[in-house]
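In what follows, a structure is listed as structure tokens, so that the remarks can point back to it.
For clarity, every value in this text was computed on a predicted model and none was experimentally measured.
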Amino acid sequence: MFKRFMAGILSFLLIFSNTFAQVSKQVNTDVSAELVKAPSAILMEQTTKQVLYELDADRKMPIASVTKTMTMLLIMEAIDSGKIKYSDMVTTSEHAASMGGSQVFLEVGEQMSVDEMLKSIAVSSGNDAAVAMAEHISGTEEAFVEQMNKKAEKLGAKNTHFINCNGLDETEEHYSTARDVALISAELLKHPDIEKYLTIWMDTIRNGQFGLSNTNKLIRFYEGANGIKTGSTSVAKYCLSASAKRNNMQLIAVVLGAPSTADRFSSASKLLDFGFANYAIADNSSFKAKIPEIKVVGGTENQVEAEISGGLNAIVRKGNQNKITVKVKTEDKLSAPVKKGDKVGEAIFFVDGEELTKKSVVAKTDVDRINCFQMFVRCLKKWATLY
């Protein structure tokens with residue numbers, strides 16, 4: 001029994017090591033070139049969460065206004081769920097108006113739409129607007145911060161803890177990591193509407209009376225830049241979560257604790273350049289696969305169509321996206337009933353002959369079990385075709 005148990009463990013470790021080796025052949029994070037002038041950084045692809053480069057990425061650090069990536073995420077979730085609307089008017093409390101640092105100088109009792117508040121946060125990093133929105137969504141900033149921490153936990157940002165919604169007054173209890181910021185940023189970018197705010201270079205609020213200028217200079221100067229958030233305090237130094245999209249690949253570069261604003265932007269640019277130069281997305285356009293219909297026994301239909309669940313979405317070395325092949329294995333036959341989404345096989349993807357990943361092959365439609373009357377009608381039709 002013990003020998004069998006150990007053999008199972010060794011087999012698992014062998015499979016795991018082989019899988020890891022295969023992945024590492026496509027993505028190599030062991031980069032000796034100095035890409036970052038900061039103590040902590042990461043480069044992540046948004047849809048796959050694949051890390052392409054990291055430097056002490058799990059180090060807990062202050063993140064200043066990069067905190068607002070989570071604030072904007074909760075705002076977008078509230079909008080998309082219907083809890084609030086862009087046209088809703090938000091009233092500024094005394095607490096919100098008291099915020100210092102980056103602000104849009106909201107006055108107590110001043111009303112501004114959710115649209116303009118979000119614009120003030122995304123473009124000018126308004127601390128007062130962030131608090132006003134937190135109170136509008138949750139009643140108090142404290143209740144909103146509780147939701148921020150719950151969301152961080154849900155996303156797997158296990159080394160993150162917030163004490164406010166804007167990063168203005170940081171203590172040792174307010175921290176995150178480059179990896180966690182990248183995860184939060186990746187979730188924010190799932191909301192397509194946020195991009196129109198993150199990519200504003202210059203705009204106005206209050207009917208054109210107050211100008212806004214984006215604190216993220218990459219929006220103007222980096223090709224494909226579409227976000228996300230800057231941050232700086234004397235404690236956090238210069239931080240940035242930067243994102244850019246080219247050729248269907250969305251990258252996120254997080255730089256924490258850079259010694260200067262120039263260093264954070266140049267470091268993020270180098271990370272993004274590295275990612276776009278070396279990697280690409282392999283998706284459904286990268287391969288051709290014919291999946292045969294599968295015979296169904298005892299069903300209202302004699303066969304069912306199948307498809308690869310979710311399709312392909314993987315990071316490969318640049319140029320290898322054109323070298324994808326797939327081997328599909330399916331069941332010879334199925335017994336009714338068959339439900340849409342039932343696993344009926346497996347697709348194994350290869351890059352130039354090397355295994356990349358596996359995906360389930362699933363039924364495209366339901367096939368119910370045939371009843372006696374349906375069986376009689378089917379036999380009758382078959383009999384009629386003989387004459």
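Of the possible donor and acceptor atoms, none in the side chain of Ser360 sits under 3.5 Å from a partner among the backbone N and O of Val362. Ser40 places a side-chain N or O within donor-acceptor distance of the main-chain N or O of Asp56, the cut-off being under 3.5 Å. Distance alone, capped at 3.5 Å, places no donor-acceptor pair between the Asp180 side chain and the Thr177 backbone. Of the possible donor and acceptor atoms, one in the side chain of Gln46 sits under 3.5 Å from a partner among the backbone N and O of Ala186.
At a cut-off of 3.5 Å, with distance as the only test, no side-chain donor of Ser102 or Ser125 sits close to an acceptor on the other residue. At a cut-off of 3.5 Å, with distance as the only test, a side-chain donor of Glu141 or His95 sits close to an acceptor on the other residue. There is no side-chain donor-acceptor pair under 3.5 Å between Ser241 and Thr69. For the residue pair Gln250/Asn226, the side-chain donor-acceptor check at 3.5 Å is satisfied. Side chain to side chain, Tyr279 and Asn28 fail the donor-acceptor criterion of an N or O pair below 3.5 Å. Between the side chains of Arg264 and Ser267, no donor-acceptor pair of N or O atoms lies under 3.5 Å.
The shortest non-hydrogen separation linking Thr204 to Gly211 is CG2-CA, 4.1 Å. Nearest approach of Ile219 to Gly227, heavy atoms of both residues: CD1-N, 3.5 Å. For the residue pair Ile294 and Glu331, the shortest heavy atom distance occurs at CG2-O, 3.3 Å. Closest approach of Lys68 to Ala130, counting heavy atoms only: CE-CB, 4.2 Å. Minimum heavy-atom separation, Ala314 to Leu356: CB-CD2, 3.9 Å. Taking both residues in full, the closest heavy atoms of Ala132 and Ala96 are given as N-CB, 3.8 Å, listed atom of the first, atom of the second, then distance.
In the hydrophobic clustering of this structure, Leu106 groups with Ile84; members are Ile, Leu, Val, Met, Phe, Trp, Tyr whose side-chain heavy atoms approach within less than 4.5 Å, directly or through other members. Met44 and Ile281 fall into different hydrophobic clusters, where Ile, Leu, Val, Met, Phe, Trp and Tyr are joined by side-chain heavy atoms under 4.5 Å apart, directly or via other members. Cluster membership check: Met117 does not share its hydrophobic cluster with Leu168, using side-chain heavy-atom separations under 4.5 Å among Ile, Leu, Val, Met, Phe, Trp and Tyr. Residue Leu35 is grouped with residue Leu218 when hydrophobic side chains (ILVMFWY) are merged at heavy-atom distances under 4.5 angstrom, including chains of intermediate members. In terms of hydrophobic clustering, with Ile, Leu, Val, Met, Phe, Trp and Tyr side chains grouped at heavy-atom distances under 4.5 Å, Leu251 and Ile184 are assigned to different clusters.
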Checklist entry - Yes or no on side-chain contact (heavy atoms from CB on, under 4.5 Å) for Glu195 and Leu189, after CA distance, side-chain angles and deciding distance? => result CA-CA 7 Å; Glu195 189 170 328; Leu189 290 174; 5.7 Å; no
Checklist entry - Does the pair Lys85 and Asp88 meet the rule for a salt bridge (Lys or Arg N to Asp or Glu O under 4.0 Å), with working shown? => result CA-CA 5 Å; Lys85 302 189 296 291; Asp88 288 349; 3.4 Å; yes
Item to check | Trace of the side-chain contact (heavy atoms from CB on, under 4.5 Å) decision for Ile42 with Val181 | outcome: CA-CA 9 Å; Ile42 198 168; Val181 169; over 6 Å; no
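At a threshold of 4.5 Å between non-hydrogen side-chain atoms, the residues Phe274 and Lys270 do not count as touching. Residues Val66 and Leu240 have side chains not in contact (no heavy-atom distance under 4.5 Å, counting atoms from C-beta outward). At least one side-chain heavy atom of Val123 sits less than 4.5 Å from a side-chain heavy atom of Asn214. Contact check for Thr71 versus Asn166: no side-chain heavy atoms found under the 4.5 Å cut-off.
More than 12 heavy atoms of other shown residues, nucleotides or ligands fall within 6.0 angstrom of atom NZ in Lys196. Counting heavy-atom neighbours within 6.0 Å of Lys237 NZ, excluding the residue itself, gives a total of 12 or less. Counting non-hydrogen atoms of other residues, nucleotides and ligands closer than 6.0 Å to CD of Glu223 gives a total of 12 or fewer. Heavy-atom contacts from other residues, nucleotides or ligands closer than 6.0 Å to NZ of Lys151 number more than 12. Counting heavy-atom neighbours within 6.0 Å of Glu153 CD, excluding the residue itself, gives a total of 12 or less.
By the 6.0 Å and 45° rule, Arg246 stacks over the aromatic ring of Phe276.
Taken to the nearest 0.5 Å, the CG atom of Asn127 stands 11.5 Å off from the OG atom of Ser120. Interatomic distance, Lys339 NZ to Thr365 OG1, rounded to the nearest 0.5 Å: 11.0 Å. One distance of note links CD of Gln50 with CD of Glu45; it measures 8.5 Å at 0.5 Å rounding.
In this structure, Tyr197 and Tyr86 have parallel ring planes: the angle between them is below the 30° cut-off, well short of the 60° mark.
Under the 4.0 Å criterion applied to side-chain N and carboxylate O atoms, Lys190 and Glu187 are assigned as salt-bridge partners.
Considering only residues two or more places apart in sequence or on other chains, Glu110 meets the salt bridge (charged side-chain N to carboxylate O under 4.0 Å, His left out) condition with Arg206.
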